[in-house]
Number of protein chains: 2
Amino acid sequence: MLYNKDMTNSRTPRRTQAERTRASKEKIIRAAMEFFAKQGYRGATLAEIAKAANLTEPGLLHHFPSKNHLLMAVLAERDRMDRERFDLSGMDDEEALFTSAQQLVEHNETVPGLVKLFTTLVAESVQEEHPSHEFFMRRYQKVREQVIDVLRDGQEKGKVRADISAEDLAVMIYAMMDGLQVQWLYEPEKIDMAGIFERFIQLLQVKL
Amino acid sequence: MLYNKDMTNSRTPRRTQAERTRASKEKIIRAAMEFFAKQGYRGATLAEIAKAANLTEPGLLHHFPSKNHLLMAVLAERDRMDRERFDLSGMDDEEALFTSAQQLVEHNETVPGLVKLFTTLVAESVQEEHPSHEFFMRRYQKVREQVIDVLRDGQEKGKVRADISAEDLAVMIYAMMDGLQVQWLYEPEKIDMAGIFERFIQLLQVKL
DNA sequence: GTCTATACCCTGATAGAC
DNA sequence: GTCTATCAGGGTATAGAC
């Protein structure tokens, strides 16, 4: 009897609860991404996010104590997904860099919701008081840093055009990505985001 | 007596009132631009805009019957200012085009508030339900149209690189402008927006 | 861990006096 | 043309039961 009780009340249920919590959190984050993308951070409401995750609002707030905490979790998740898809740290050479960047843009064309999330939040967060202002500022600094060295190597090897500094090239690459996303989000059928980005990338390389 | 009355109550006051109305409206629009820029359309409140224009909220709503009407007035004003500064319709050749674009970016560096207004509203309006969604979609269509013919002429004259279509070049130019603005808004001291844009524009031209 | 109930604030907008 | 007063609606967050 005592033995049985231990099995059911202590060991097994404890693991199930933990799993359920994790599953709930993931469901909430996915729902939050959707609504932050659709309406921005300010425009999205906890009630609709909770509902999409099959919860009530206080149910959601049990997992994330405030809307702000939820945003941070969403950004962390977005970062994790990005790293999976496009990790530039430890990138070998400029060829791998350009290929990866190109693949990222091609992938983005298949996930308009995530692109909208990023575009909306980045612009909203330009405001210094915005809860994710620091996050995005550091993010730009980080991703630019990651590519500068590779670009400079490429310039020294004569593969990347050297009439523009590696620092400025890094800014340009992300500026073009971001800018294309905006026009593409307005008219996905009309704007060939990946195609145009590819032509841009070719501009940065030295022709053989 | 009758004569005097006419002077004071009818003629003079009537003109003064009209002028006051116009002045009030302009004051409100300027205040609205400021707060839409700072916090986006959704984030800005009528109360704070009214206060900045030395009015109460109902006082503001007398001139613009809803927040939406106010947004439209702001967009119209922004368009008017843009046309003054950078009217590409009737642009002579690609050289004038590139010079004007360059001057626009240089000018933008002196008005971060307006750049923030544009960047914030454009991203917010990506959402199809947003009141200014149509406005910005049409705006991109229009400004791209304006430059395509000039770019094509430039290509035929051998001044503009012809390995990228004029349509795609138009998309690229505005994408680079928009994208640079974002990084510049995060770090105005670090990002040399006008300098980088100039180098980008040179990429599009055929070297002599 | 999730719910119901609710407190409390803010927002856009209206009514009506001056 | 501008105000005070006020409303209805919706927002985040908390209290407390289950």
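Below, chains carry the letters A, B, ... as their sequence lines are ordered, and counting in each starts from 1. From a predicted model like this one, the values you see are computed outputs, not experimental measurements.
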Report the C-alpha distance between Lys142(A) and Glu145(A) in whole Å, list the side-chain angles of each, state the deciding distance to 0.1 Å, and finish with yes or no for salt bridge (charged side-chain N to carboxylate O under 4.0 Å, His left out). CA-CA 5 Å; Lys142(A) 198 177 62 187; Glu145(A) 286 298 323; over 6 Å; no
Is any side-chain nitrogen or oxygen of His62(B) closer than 4.0 Å to OP1 or OP2 of dT14(C)? no
Which whole-number value in Å describes the distance from Ile49(A) CD1 to dT12(D) C1'? 12 Å
Can you tell me how far C1' of dT14(D) sits from NE2 of His63(A), to the nearest Å? 17 Å
Gap between atoms CG and C1', on Asn54(A) and dC3(C) respectively (whole Å): 14 Å
Are Thr56(B) and dT2(D) close enough that a side-chain N or O sits under 4.0 Å from OP1 or OP2? no
Side chains of Glu187(B) and Gln183(B) only: does a donor on one sit below 3.5 Å from an acceptor on the other? no
Side-chain contact, heavy-atom cut-off 4.5 Å: Leu75(A) with Arg139(A)? no
Mind calculating the distance between CD1 (Ile28(A)) and C1' (dT2(C)) to the nearest angstrom? 11 Å
When rounded to whole Å, the NZ to P distance for the pair Lys51(A) and dT4(C) reads 13 Å
Provide, to the nearest angstrom, the distance between the CG atom belonging to Leu60(A) and the P atom belonging to dT12(D). 10 Å
Taking only nitrogen or oxygen atoms into account, show me every contact under 3.5 Å that the protein makes with nucleotides 11-13 of chain C, one pair per line with its distance.
from, atom 1, to, atom 2, distance (Å)
dG12(C), OP1, Ala44(B), O, 3.4
dG12(C), OP1, Lys67(B), NZ, 2.9
dG12(C), OP2, Leu46(B), N, 2.9
dG12(C), N7, Glu57(B), OE2, 3.1
dA13(C), OP2, Lys67(B), N, 2.8
dA13(C), N7, Glu57(B), OE2, 2.9

Residue pair Lys25(A), Ile28(A): steps toward the side-chain contact (heavy atoms from CB on, under 4.5 Å) verdict: CA-CA 5 Å; Lys25(A) 285 201 171 189; Ile28(A) 292 168; 5.5 Å; no
Check: Phe136(A) ring centroid to His130(A) ring centroid under 6.0 Å: no
Is any side-chain heavy atom of Val115(A) less than 4.5 Å from a side-chain heavy atom of Trp184(A)? yes
Check the distance between dG11(D)'s C1' and Gln39(A)'s CD and give it to me in whole angstrom. 13 Å
